[in-house]
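Basis for what follows: all heavy atoms, side chains included, without hydrogens, waters or symmetry-related copies. To find a chain, count down the sequence lines: A is the first, B the second, and so on, and within it residues start at 1. The structure displayed is predicted, hence computed values, not measured ones.
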Amino acid sequence: MSYTLVFFDLETTGLDTERCDIIQIAAVCGTRVFNAFTVPRCAITGEASRLTGFSVAGGLLLRRGEAVPTVSLPQALASFVEFLGSFCGPVYLAAHNANRFDAPVLQRMLREFSLLRRFQGAVSSYLDTFLLTKRMLTNFYSYSLPYMVERFLGKTYAAHNALEDARMLQELFQALKPGRNAVMKCLISTQT
DNA sequence: TGCCAGGCCCTCTTTAGGGCCTT
């Protein structure tokens, strides 16, 4: 049975998956793209702000000082679920370190806005590409996304922009060509 | 200044501990 892989990434206010808020949700599947920004409800940590370039001033979301168009968090999440629901199943939602970061944050947000059931109807599993690359490739200096992209695609890119991270993750996956069995071993159910 | 989260993986392991990766 075939499956659809959608590559995604979140930019958030920090690393605490129980408390952080989403700033950017981005996803790619082939040439189809989703990208949404939202004004976070809690403060952006200094480290997250330094890495992503995001800040909030006067109720506006700024990236490196320039205002970014935003929608409300529930609007962003509902649009994301609608985007995911437009693909033929089963749909796997892939992120680098999904198991430990992106999936817990997204699941918590979807539950908060009563969107989890709809999401679970569209997406059967997450795919953790960090686990996948660690299992596929041994004895590497690093398994971070920027390092993997530089090593296998020969590119440096604007890391910590969710859309660029998702695009690079898709390219990396296409370059590495993991087997179906390797992919299946790194899936995490959305039914939590 | 340096610490802050945390499940998985590895190994100098299993009666444990440290590093990784994500923002």
Side-chain angles (χ1 to χ4, degrees), chain A residues 5-28 35-56 61-65 68 70 73 76-77 80 92-112 123 125-153 156-173 176 178 181-192:
Chain A
L5 268 178
V6 179
F7 298 86
F8 91 113
D9 188 45
L10 301 177
E11 300 305 323
T12 69
T13 55
L15 286 174
D16 188 340
T17 56
E18 294 297 319
R19 293 172 186 80
C20 70
D21 220 356
I22 290 174
I23 299 173
Q24 183 185 12
I25 308 173
V28 298
N35 191 27
F37 298 93
T38 187
V39 179
R41 299 167 295 178
C42 62
I44 304 173
T45 66
E47 187 67 3
S49 188
R50 186 185 68 77
L51 283 172
T52 64
F54 286 119
S55 60
V56 175
L61 178 67
L62 310 177
R63 185 160 61 181
R64 287 182 282 280
V68 175
T70 58
L73 179 55
L77 290 167
F80 186 44
Y92 301 150
L93 194 52
H96 210 61
N97 209 21
N99 189 40
R100 273 300 304 127
F101 190 76
D102 301 87
V105 173
L106 186 60
Q107 293 280 114
R108 175 169 61 83
M109 294 287 171
L110 292 166
R111 190 174 287 113
E112 178 180 347
V123 177
S125 300
Y126 293 97
L127 170 62
D128 191 327
T129 56
F130 169 58
L131 287 180
L132 182 66
T133 50
K134 275 195 87 170
R135 287 174 183 175
M136 281 180 72
L137 312 162
T138 54
N139 298 321
F140 269 73
Y141 163 75
S142 167
Y143 295 88
S144 73
L145 184 55
Y147 180 80
M148 289 279 114
V149 166
E150 185 177 358
R151 175 71 175 73
F152 288 97
L153 303 180
T156 55
Y157 73 102
H160 299 296
N161 174 334
L163 183 54
E164 286 306 301
D165 281 329
R167 281 182 170 139
M168 286 300 111
L169 187 58
Q170 178 172 250
E171 274 195 48
L172 178 66
F173 188 92
L176 292 177
N181 285 345
V183 169
M184 294 301 149
K185 286 176 183 171
C186 296
L187 296 181
I188 302 128
S189 174
T190 59
Q191 308 292 319
T192 58

| message | Looking only at the side chains, is there a donor atom on one of A:H96 and A:T129 sitting less than 3.5 Å from an acceptor on the other? | response | yes
Open item on the list: B:dT23, OP1 or OP2 - any side-chain N/O from A:H160 closer than 4.0 Å?
Closed with: yes
message = Aromatic contact between A:F152 and A:F140, with the criterion being ring centroids under 6.0 Å apart: yes or no?
response = yes
Among the nucleotides B:dC21, B:dT23, B:dG7, whichever has the atom closest to the side chain of A:E47 is B:dT23
Among the nucleotides B:dG7, B:dC21, B:dT23, whichever has the atom closest to the side chain of A:S144 is B:dC21
When we call it a touch if two heavy atoms are under 4.0 Å apart, what does A:D21 touch: a base, just sugar-phosphate, or nothing? nothing
Looking only at B:dC21, B:dT23, B:dG7, the nucleotide nearest the A:R100 side chain is B:dG7
On DNA chain B, more 5' by nearest nucleotide between A:N99 and A:Y143 is A:N99
Exercise for review: Pick base, sugar-phosphate or nothing for A:L145, based on heavy-atom distances below 4.0 Å to the nucleic acid.
Suggested key: sugar-phosphate
With a 4.0 Å cut-off on heavy atoms, is A:T52 in touch with a base, just the backbone sugar-phosphate, or nothing at all?
sugar-phosphate
> A:I44 near the nucleic acid: base, sugar-phosphate alone, or nothing, with a heavy-atom cut-off under 4.0 Å?
Replying inline: nothing
Remember a base hit wins even if backbone is also touched, and classify A:S49 as base, sugar-phosphate or nothing at under 4.0 Å, heavy atoms.
-> nothing
Side-chain contact check for A:H96: nearest option of B:dA5, B:dT23, B:dC21 is B:dC21
Whole-Å distance, A:Y147 OH to B:dT22 P, equals 14 Å
Of A:L131 and A:T12, the one whose closest nucleotide on DNA chain B sits nearer the 5' end is A:L131
